[in-house]
Student: 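Encoded as structure tokens, here's the structure I'll be asking about.
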Amino acid sequence: MPEQKNVRVRFAPSPTGGLHLGGVRTALFNYLFAKKHGGKFILRIEDTDQTRFVPGAEEYIFKTLAWCGIQPDESVQHGGDFAPYRQSERKASYAQYAEKLIAMGKAYYAFDTAEELEEKRKQIPNFQYSSATRLQLKNSLTLPADEVQKLLANGTPYVIRILLEPNEDIQFTDLIRGEVHFNTSTLDDKVLLKADGMPTYHLAVVVDDFAMQISHAFRGEEWLPSAPVHILLWKYLFGLEAMPQWAHLPLILKPDGNGKLSKRDGERLGFPVFAMDWTDPKTNETITGFKERGFLPQAFVNMLALLGWNDGTGTEIFSLPELCEKFSIERVTKSGAKFDYEKAKWFNAAYIQKTPAEILTIPIADAVAAAYPNATYSDFLKAINLVKDRCALLPEFIEQTAYLFAAPKKIEIATIQEKWTTEKNTFFEQWTDFLASTNAIDAANLETAFKTLAAENNLKIGEVMLPFRIMLVGGKFGIAVFDIASFIGVEETIARIRFTLQQLA
RNA sequence: GGAGCGUUGGUCAAGGGGUUAAGACACCUCCCUUUCACGGAGGAAUCACGGGUUCGAUUCCCGUACGCUCUACCA
């Protein structure tokens, strides 16, 4: 890619709640692109809507990104030459551009109240504030100049709207979709500056992307329809040469049916949508995140990267550094992808396999301590390695190792009882005697001894193996039986056998 | 309603004028393991539909259908 400009990209979330999959992925793609091109990744807080302020949301965004390992180069927390990075703190800078547009004849004051517009929308089927209707509305285009001045002077609330010429073709190149065309006649005169003096997104992105020298602007596909407004703004204010290159990312869809994935879908279908737990400060309701559900951040990031991007080779497991090296915006898919939680778990399982037990233990340390207060650290490490390949989610380590740290509470006695014989009873008595006398308790030795003893008693291995398993773990599940016996030790093994034997008697 | 974008197996997807149309997840069968899982071997697509262009279209063009997004003083 011949890219002369310094690469500067930005992720610009609005702090209104938890960050979901799509948001994190947008951040990730921005980050990867920046790293790939030796550029800067900027985090800008888009908090221009004061009515939607949610305490804690901004902090949550930083924590989420940190967990994912995608650190901004510039942000309200990391500083940078283009501070402030919070749009509410840049409020003063927007009005001048709106005024400039008015002076240029590209924007105008509008005094219609929200109620009046609401009424219009009710009356007229497909009402749009545009060339077709603006001459019948209350604005500086229809009102005499002196009245406009009077309204402005006495503090009448107003907004500034862009003045769209009808029937103008707007065309631009999207890095993912190629040429995209729009006609201004289908657009409306978007509000640029709100009555409270804050800019809308439309003005703010353009002004800030210019101010922060953004070279590439990536955002969700939902922004595509308003892109022409942004392009016009660039053309009027800063010139098209300075405009960043656009890329509109495909949406992440719900697994069943169609439509954008929402947090409700997660609750409905039983999987996380937010990266980390998010507690709504108003309702105090907590929505589970991938982190708390037991995902490793590397797995989460890898999974996200492959949702809408691939390197073309079929490889699916990439570390963050590898992603930074391989990522290219052109290889991002055009169409939306249904989120597949099973696949997400597969990624996590893959990462669990390759992550050392010492690391896996960190995020589950508290849960382990609560579940098995007597388990030693080294025992748990050993246990993790034993059950590793059957865990897709971190909390599964607790369940999967349960019978290694405590005798099963319930024994599926019926399964043994059906085919129980005195021969088997004899066998297990001999087996406990052997265990009591041996000190070779590694799994391989135990297995050899067990098989030899079974043969001596004219019993098929399978006839006694399953009962033995059930005695140790309570049912037909778990890791290799002799690994279990070896892990829990002779005494405990004997105790568990005797316990079941008593019940069978 | 309008505009924009999209459409390859159940899902994610590679490929992109001539291919046996990769691979992964899930599912099914088998092997391994006398549990399960892991692992291994198999199994499934007339590339939305209809027209073109072409010697030849899943690939290019045009329509249609369907889906999604937007259509707020929200982002």
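Residue numbers start from 1 in every chain, and the chains themselves are labelled A, B, ... in the order their sequence lines are given, proteins ahead of strands. Keep in mind that what you see is a predicted model, and the values were worked out from it rather than measured.
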Student: At under 4.0 Å between heavy atoms, what does A:Thr48 touch on the DNA or RNA strands: base, sugar-phosphate, or nothing?
Tutor: sugar-phosphate

Student: Have a look at A:Asp49 and say if it touches a base, only the backbone sugar-phosphate, or nothing, with a 4.0 Å heavy-atom cut-off.
Tutor: sugar-phosphate

Student: At 4.0 Å (heavy atoms only), tell me whether A:Thr333 reaches a base, stays on the sugar-phosphate, or touches nothing.
Tutor: sugar-phosphate

Student: Quick check on B:C74: is either OP1 or OP2 less than 4.0 Å from any side-chain nitrogen or oxygen of A:Thr16?
Tutor: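 For A:Thr16, the contact criterion (side-chain N or O under 4.0 Å from OP1 or OP2 of B:C74) is not met.
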
Student: Between A:Asp265 and A:Ser262, is there a side-chain donor-acceptor contact under 3.5 Å, judged purely by atom types and distance?
Tutor: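 A donor-acceptor contact under 3.5 Å links the two side chains.
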
Student: Please measure how far the C1' atom in B:U59 lies from the corresponding atom in B:U7, and state the result in whole Å.
Tutor: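 B:U59 and B:U7 have their C1' atoms separated by 14 Å.
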
Student: State plainly whether the residues A:Asp340 and A:Lys343 are in salt-bridge range, i.e. N to O under 4.0 Å.
Tutor: no

Student: Just to be sure I understand the rule, does A:Gln400 reach a base, reach only the sugar-phosphate, or reach nothing, if contact means heavy atoms closer than 4.0 Å?
Tutor: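 Counting heavy atoms under 4.0 Å across all strands, no contact is made by A:Gln400.
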
Student: So which one's nearest nucleotide on RNA chain B is more toward 5', A:Glu179 or A:Ala337?
Tutor: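 This one resolves to A:Glu179.
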
Student: If the cut-off is 4.0 Å, is A:Arg121 near the phosphate of B:G1, judged by side-chain N/O to OP1 or OP2?
Tutor: no

Student: Identify whether the distance between the nearest side-chain nitrogen and carboxylate oxygen of A:Arg10 and A:Asp208 falls below 4.0 Å.
Tutor: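 Looking at A:Arg10 and A:Asp208, the cut-off is not met.
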
Student: Categorize A:Ser226 for me: base, sugar-phosphate, or nothing, with a 4.0 angstrom heavy-atom threshold over every strand shown.
Tutor: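 The answer is nothing, as A:Ser226 stays clear of every strand by at least 4.0 Å.
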
Student: Roughly how far apart, to the nearest Å, are B:U69 and B:C32 at atom C1'?
Tutor: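 Their C1' atoms lie roughly 49 Å apart.
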
Student: A:Tyr351 ring centre to A:Lys354 NZ or CZ under 6.0 Å, with the angle to the axis within 45°?
Tutor: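 Verdict for A:Tyr351: a cation-pi partner in A:Lys354.
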
Student: Note every stem involving RNA chain B: at least three consecutive Watson-Crick or G-U wobble pairs, i with j then i+1 with j-1, with both distances under 3.5 Å.
Tutor: B:1-7 with B:65-71, B:10-12 with B:23-25, B:27-31 with B:39-43, B:48-52 with B:60-64

Student: What are the residues of residues 180-192 of chain A, sorted by number, that bring a heavy atom to within less than 4.0 Å of RNA chain B?
Tutor: A:Val180, A:His181, A:Phe182, A:Thr186, A:Val191

Student: In whole angstrom, give me the gap between the C1' atoms of B:G56 and B:G52.
Tutor: 14 Å

Student: What orientation do A:Trp309 and A:Phe327 show, parallel under 30°, tilted 30 to 60°, or perpendicular over 60°?
Tutor: tilted

Student: Would A:Lys235 and A:Glu168 pass as an ion pair if we require N to O under 4.0 Å?
Tutor: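 A salt bridge links A:Lys235 with A:Glu168.
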
Student: If you pin A:Leu224 and A:Trp309 to their nearest nucleotides in RNA chain B, which one's is more 5'?
Tutor: A:Leu224

Student: Determine the contact category for A:Asp112: base if any of its heavy atoms lies under 4.0 Å from a base atom, sugar-phosphate if only primed atoms, P, OP1 or OP2 are that close, otherwise nothing.
Tutor: base

Student: Return the set of residues passing side-chain hydrogen bond (donor to acceptor under 3.5 Å, both in side chains) with A:Asp188 (not counting sequence neighbours), or none when no residue passes.
Tutor: A:Lys190

Student: Decide, yes or no, whether a salt bridge links A:Glu447 with A:Lys451 under the criterion of side-chain N to carboxylate O below 4.0 Å.
Tutor: yes

Student: If you measure from the C1' atom in B:G18 to the same atom in B:C25, how many Å do you get, rounded?
Tutor: 32 Å

Student: Do the rings of A:Trp246 and A:His248 sit parallel, tilted or perpendicular, given the 30° and 60° boundaries?
Tutor: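 Because their plane-to-plane angle is under 30°, the rings of A:Trp246 and A:His248 count as parallel.
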
Student: Tell me the interatomic distance from A:Lys334, atom NZ, to B:U8, atom C1', rounded to whole angstroms.
Tutor: 13 Å

Student: Taking only Lys NZ, Arg NE, NH1 and NH2, and the carboxylate oxygens of Asp or Glu, determine whether A:Glu412 and A:Lys410 approach each other closer than 4.0 Å.
Tutor: no

Student: Over 60° means perpendicular and under 30° means parallel, so tell me whether A:Phe172 and A:Phe182 are parallel, tilted or perpendicular.
Tutor: parallel

Student: Just jot down the ring pair (Phe, Tyr, Trp, His ring centres under 6.0 Å) partners of A:Trp346, sequence neighbours excluded, or say none.
Tutor: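 Counting only residues at least two positions away or on another chain, A:Trp346 forms no ring pair (Phe, Tyr, Trp, His ring centres under 6.0 Å).
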
Student: Could you tell me how far B:U71 sits from B:A48 if I compare only their C1' atoms? Round to whole Å.
Tutor: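 These two C1' atoms come out 27 Å apart once rounded.
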
Student: Return no unless some side-chain N or O of A:Asn310 is found under 4.0 Å from OP1 or OP2 of B:A14.
Tutor: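 For A:Asn310, the contact criterion (side-chain N or O under 4.0 Å from OP1 or OP2 of B:A14) is met.
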
Student: Among B:G67, B:A26, B:A75, which is the nearest nucleotide to the side chain of A:Glu342?
Tutor: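 Within the option list, the nearest is B:A26.
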
Student: Which part of the nucleic acid does A:Gly220 contact within heavy-atom distance under 4.0 Å: base, sugar-phosphate only, or nothing?
Tutor: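 Since no nucleic acid heavy atom lies under 4.0 Å of A:Gly220, the category is nothing.
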
Student: With sugar-phosphate meaning primed atoms plus P, OP1 and OP2, does A:Ala195 contact a base, only sugar-phosphate, or nothing at under 4.0 Å between heavy atoms?
Tutor: base

Student: Consider the side chain of A:Lys343, meaning its heavy atoms from C-beta on, and name the nucleotide among B:U69, B:U7, B:C25 that approaches it most closely.
Tutor: B:C25

Student: Taking B:A41 as the reference, what is the distance to B:G6 when you measure between their P atoms (whole Å, please)?
Tutor: 38 Å

Student: Supply the atom-to-atom distance A:Leu237 CG to A:Gln96 CD, rounded to the nearest 0.5 angstrom.
Tutor: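 Answer rounded to 0.5 Å: 9.0 Å.
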
Student: Looking across every strand, which nucleic acid part, if any, lies under 4.0 Å from A:Arg219 by heavy atom: base, sugar-phosphate, or nothing?
Tutor: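 Nothing, no heavy atom under 4.0 Å.
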
Student: Between A:Glu492 and A:Arg496, does any side-chain N to carboxylate O distance fall below 4.0 Å?
Tutor: yes

Student: Using only side-chain N and O atoms of A:Lys345, determine if any of them is under 4.0 Å from OP1 or OP2 of B:A24.
Tutor: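 Indeed not, no polar side-chain atom of A:Lys345 lies that close.
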
Student: Please tabulate, one pair per line, each protein N/O and nucleotide N/O from nucleotides 33-37 of chain B that are separated by under 3.5 Å, including the distance.
Tutor:
residue, atom, partner, partner atom, Å
B:U34, N3, A:Gly462, N, 3.3
B:U34, O4, A:Ile461, N, 3.0
B:U34, O4, A:Gly462, N, 3.0
B:U35, O2', A:Lys476, O, 3.3
B:U35, N1, A:Arg469, NE, 3.3
B:U35, O2, A:Lys476, O, 3.3
B:U35, O2, A:Phe477, N, 3.1
B:U35, N3, A:Arg469, NH1, 3.1
B:U35, N3, A:Arg469, NH2, 2.9
B:U35, N3, A:Gly478, O, 2.6
B:U35, O4, A:Arg469, NH2, 2.9
B:U35, O4, A:Gly478, O, 2.9
B:U35, O4, A:Ile479, O, 3.3
B:U35, O4, A:Ala480, N, 3.4
B:C36, O2, A:Arg390, NH1, 2.0
B:C36, O2, A:Arg390, NH2, 3.3
B:C36, N3, A:Arg390, NH1, 3.2
B:C36, N3, A:Arg390, NH2, 2.8
B:A37, O2', A:Asp389, O, 3.2
B:A37, N3, A:Arg390, NH2, 3.4

Student: Name the orientation class of the two ring planes belonging to A:Trp431 and A:Phe450 (parallel below 30°, tilted from 30 to 60°, perpendicular beyond 60°).
Tutor: perpendicular

Student: Please determine, for the side chain of A:Lys338, which listed nucleotide (B:C12, B:C70, B:A24) has the closest atom?
Tutor: B:C12

Student: Is there a residue in residues 85-101 of chain A whose heavy atoms reach under 4.0 Å of RNA chain B, and which residues are they?
Tutor: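 None - not one residue of the stretch has a heavy atom sitting under 4.0 Å from the strand.
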
Student: May I ask you to decide if the ring planes of A:Phe271 and A:Tyr341 are parallel, tilted or perpendicular, using 30° and 60° as cut-offs?
Tutor: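 Correct class here is parallel.
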
Student: Considering only atom P, compute the distance from B:C55 to B:U64 and round it to an integer number of Å.
Tutor: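 Going atom to atom, P in each nucleotide, I get 28 Å.
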
Student: State whether A:Lys260 places a side-chain N or O below 4.0 Å from either non-bridging phosphate oxygen (OP1 or OP2) of B:C70.
Tutor: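 Checking A:Lys260 against B:C70: at least one side-chain N or O falls below 4.0 Å of OP1 or OP2.
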
Student: Does B:A75 have OP1 or OP2 under 4.0 Å away from a side-chain N or O of A:Arg44?
Tutor: no

Student: Could you grab the distance from atom CG of A:Leu224 to atom CZ of A:Arg219, nearest 0.5 Å is fine?
Tutor: 8.5 Å

Student: Determine the Euclidean distance between corresponding C1' atoms of B:A45 and B:U58; express it in Å to zero decimal places.
Tutor: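 To the nearest whole Å, 11 Å.
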
Student: Would you please confirm or rule out a distance under 4.0 Å between OP1 or OP2 of B:A75 and any side-chain N or O of A:Arg52?
Tutor: no

